[in-house]
Amino acid sequence: MHAKPSTSVDEVSITLATGGSQEQKGMMMCKVFVLDTHKRPLNPVHPGHARLLLTKGKAAVYRRYPFSIILKRPVEEPDLHTLRVKVDPGSTTTGMALVNDVSGEVVWAAELTHRGEQIKQRLDRRRAARRSRRQRKTRYRQPRFQNRRKRPGTLPPSLESRVCNVVTWVRRLIRLSPVAAISQELVRFDTQALENPEIEGVEYQQGERAGYEVREYLLLKWNHRCAYCDASDVPLELDHVHPSSKGGSNRVSNLAVACAACNQRKGSQEVGEFLKDDPARLARILAHLKAPLRDAAAVNTTRWALNARLKALGLPVECGSGGLTKYNRVRRGLPKTHWLDAACVGSSTPDRLQVIGVMPLQIMATGHGSRQMCNVDRFGFPCSGPKGAKRVQGFQTGDLVRAVVTRGAKAGTYVGKVAVRARGIFNITTAHGRVTDIHHRFCMLIAPSDGYAYQARREAAIPPSA
Ligand SMILES: [Zn+2]
């Protein structure tokens with residue numbers, strides 16, 4: 001039987017060498033950001049160095065997340081090693097990495113989880129409540145859905161929130177570290193390398209790099225499904241529809257994606273022979289082979305909007321493709337995670353990436369509370385009093401606080417997100433559950449609410465505020 005070329009597009013499963021030694025445990029984190037006393041960013045330092053500066057009183061904690069310290073003296077003409085912010089935007093999770101292009105060191109990494117889906121659900125709920133209110137037989141109400149105007153380029157709220165999340169974090173990193181450039185994954189595959197792939201006859205063996213672009217192209221064209229059995233969420237391989245042993249070309253218009261089982265069963269058969277019992281599918285596959293992928297499917301509005309806003313920050317923005325990211329990552333033997341994908345974005349990626357011991361910060365977008373004036377029941381009727389003040393005794397819902405209760409049944413120390421109540425008696429959500437009825441006198445602010453929840457390690461979770 002004709003040996004098929006190695007066209008597996010499943011993920012490499014290489015685990016990072018992580019021993020249990022004390023030394024490596026100490027390294028399991030990102031570097032700490034440092035500002036001088038005039039809030040000018042300096043080179044990030046090792047957490048041990050930061051701890052020394054803090055205990056000697058030479059610096060103070062500036063921000064809890066991402067952990068940053070501020071020196072108590074100015075630094076004139078510091079020797080800065082410039083860094084690059086790298087972003088791999090995703091619809092649910094965006095990977096971010098701060099990379100030193102010269103040394104290849106990943107200085108800091110994070111995975112940012114968006115709340116786009118939650119925003120959509122809330123808007124749907126509001127729309128349903130308003131609609132049912134208008135439907136009720138009270139009096140005539142003019143429909144108001146047409147008296148809105150959208151500026152060109154306006155994104156839907158759920159997408160806008162994703163873009164804003166990323167821009168917020170890039171700006172934060174620019175303020176906290178010597179960032180000189182930005183890299184962003186803009187498109188799934190490089191359209192320049194694959195101009196008219198069906199017509200020009202791009203072949204997937206035109207060099208390894210082009211192979212990755214072709215694979216991304218084909219996966220998108222076949223909608224990440226096996227062409228022969230519609231299986232998704234399985235490793236997919238490239239299949240020569242007209243087998244190469246019988247003179248089939250490596251052109252994109254002769255390639256489909258198939259699961260390993262179908263690819264194995266088809267072997268070197270002709271597609272007509274293989275699918276002789278399923279003429280409908282055969283016709284569909286033959287038609288789909290000829291049809292080029294619509295450009296619209298490859299262009300992602302959110303990513304282009306993000307690109308425009310990143311360019312407005314005034315730093316050079318490098319754009320990469322998904323195919324290049326994967327090529328970079330697989331060639332360096334790195335497993336697939338959001339932050340490692342981010343570190344591999346763009347052609348500026350250093351040959352050796354130092355990633356051992358980097359613990360990405362888990363960031364969850366939580367929003368800044370609700371704009372609803374009172375709660376409504378499922379029929380859209382108000383079911384609570386009007387909302388109280390957002391700030392109570394200097395605290396607001398979502399702040400990270402430490403409560404040291406010295407007496408009574410609740411005596412103890414609690415650290416977590418606070419939910420304020422107008423009476424000044426709060427609830428605190430800690431890693432071990434919710435503690436109710438803590439007086440504000442016992443609470444001390446650790447970090448003000450900034451619309452995000454954080455989780456440095458999985459076991460020490462700070463759940464997003466309810
Ligand atoms: Zn299959």
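Quick note: numbers below take in every heavy atom, side chains included, and nothing from hydrogens, waters or symmetry partners. Just follow the structure's listing: the first ligand is 1, and inside any ligand the first atom is 1. Quick note: residue numbers are just sequence positions, from 1. Worth saying up front: this structure is predicted, and the values here are computed from it rather than measured.
Comment: E185 engages R303 in a salt bridge, judged by a side-chain N to carboxylate O separation of less than 4.0 angstrom. Salt bridge annotation for D230-R281: present, with a cationic side-chain nitrogen under 4.0 angstrom from a carboxylate oxygen. A salt bridge does not link R329 with D88: every distance from a Lys NZ or Arg NE/NH1/NH2 to an Asp or Glu carboxylate oxygen is 4.0 Å or more.
With sequence neighbours excluded, the residues forming a salt bridge (Lys or Arg N to Asp or Glu O under 4.0 Å) with R309 are E160, listed by chain and number.
No side-chain donor from either of H224 and D233 sits under 3.5 Å from a side-chain acceptor of the other. There is a side-chain donor-acceptor pair under 3.5 Å between H114 and N165.
Protein nitrogen, oxygen and sulfur atoms, that is N, O or S, within less than 2.8 Å of the Zn ion (ligand 1) amount to 4.
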